[in-house]
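Atoms within a ligand are numbered from 1 in the order they appear, just like the ligands themselves.
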Amino acid sequence: MSKRRAYIRSVGRFLPERRLTNTDLERMVDTNDEWILTRTGICERRILDPGLGNSFMSVRAARECLERAGVSAKEVETIIVATVTPDRLFPATACVIQRELGAKNAWGFDLNAGCCGFLFAISTATQMIESGRSGKVLVIGSDVMSTIIDYADRNTCILFGDAAGAALLDVCPEPDHGILDFVLHTDGCGEDLLHMKAGGSRRPPSLETVENKEHYVSQEGPAVFKVAVTEMANVAARILERNGLTGSDVSLFVPHQANLRIIDAAARRMGIDNGRVVKNIMKFGNTTAATLPLCLYEAAVEKNYDIKPGDYVVMAAFGAGFTWGSALMRWWE
Ligand code: UT7
């Protein structure tokens, strides 16, 4: 009997209307379009209107995802929300989303793994489905990065955008298709290189933390770049090796969108040419937990890439923690 496997049955997304372009940023900090474009690959990002919060975007992405699958919210058994920008520290944003969707039969929780959140969440969902513990799992990657960015800091404000992506994971109807393997890593030595200084239990919010701007993203860009460029490439290559595959077997590479130079280095290392790499960093910037589902959306819904059922797809990400990892799957449509 073949193994019970999970697959991504459908995807949905939400992108705020408002655009923040490189030209806009030139008016806000000492930067320029040419620097941003050549160092990161980003042209513009989306920004959510203040006060709406994570669940506003997540619910909309989830509704589209369920609608595309023809599945009602009541059929969802588990909701996992990957984010570093929840509506509130508690309760989990998954609870708000469960209520708003009317997912009466679901339990759920938030998962924080920085830019690897979506990858870690689908790994969790996959194992729930494979074990028979859960049927349909709604996995959401959603971040309102604009709420934790200092728009006077040119090192970080040019990088991030807001968005949500949702994926419905279900029992794969085809044997040997769906989600096949994961390689996942965490190394807490990265804590000081990419973090938010205050707001948690070690340094709760105070007048001082607000005045010191400690509630924003703080990143040692070049130090993070060095590790990211090596480890994202290594982990993407590793999942191929251990499954007896090479770059030429892969129809689509779906990388986290933090920097075009990191994406290109990983693709080169795997031997995958440009046309088989999903890149949307130009349009959306780094949307943290949302980058991977936004990329899957471009392939599955917008059909921007040449891919057919059964083709091998590799996803890879690197983020705060440090966290990094890759996933191998066979395309579902
Ligand atoms: O997604 C989570 C994981 N995060 C990542 O993977 C991000 C990894 N890091 C990066 O992508 C890159 O390090 C950045 C895009 C953040 C920065 O690019 P970089 O090539 O590492 O630039 P840098 O920070 O070394 O800065 C080079 C120069 C500096 O000037 P000097 O010291 O050489 O005179 C910076 O002050 O560029 C300057 N600079 C800027 N200039 C114009 C830094 N930010 C800007 C800016 N506009 N926005």
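- Scored by the salt bridge (Lys or Arg N to Asp or Glu O under 4.0 Å) test, Lys213 finds Asp150 as partners (sequence neighbours excluded).
- Checked against salt bridge (Lys or Arg N to Asp or Glu O under 4.0 Å), Asp24 has the following partners two or more places apart in sequence or in another chain: Arg27.
- Remark: the Ser123 side chain and the Gln127 side chain contain an N/O donor-acceptor pair separated by less than 3.5 Å.
- Using modelled atom types and a 3.5 Å distance limit, the side chains of Ser134 and Thr78 yield a donor-acceptor pair.
- Scored by the ring-ring contact (aromatic ring centres under 6.0 Å, His included) test, Phe182 finds no partners at all (sequence neighbours excluded).
- Listed by chain and number, residues touching ligand 1 at under 4.0 Å (heavy atoms only) are Asp30, Thr31, Trp35, Arg39, Thr40, Cys115, Arg154, Asn155, Ile158, Leu159, Leu194, Gln219, Gly221, Pro222, Val224, Phe225, Ala228, His256, Ala258, Asn259, Arg261, Ile262, Asn286, Phe318.
- The pair Glu64-Arg60 fails the salt-bridge criterion, with no side-chain N (NZ, NE, NH1 or NH2) lying under 4.0 Å from an Asp/Glu carboxylate O.
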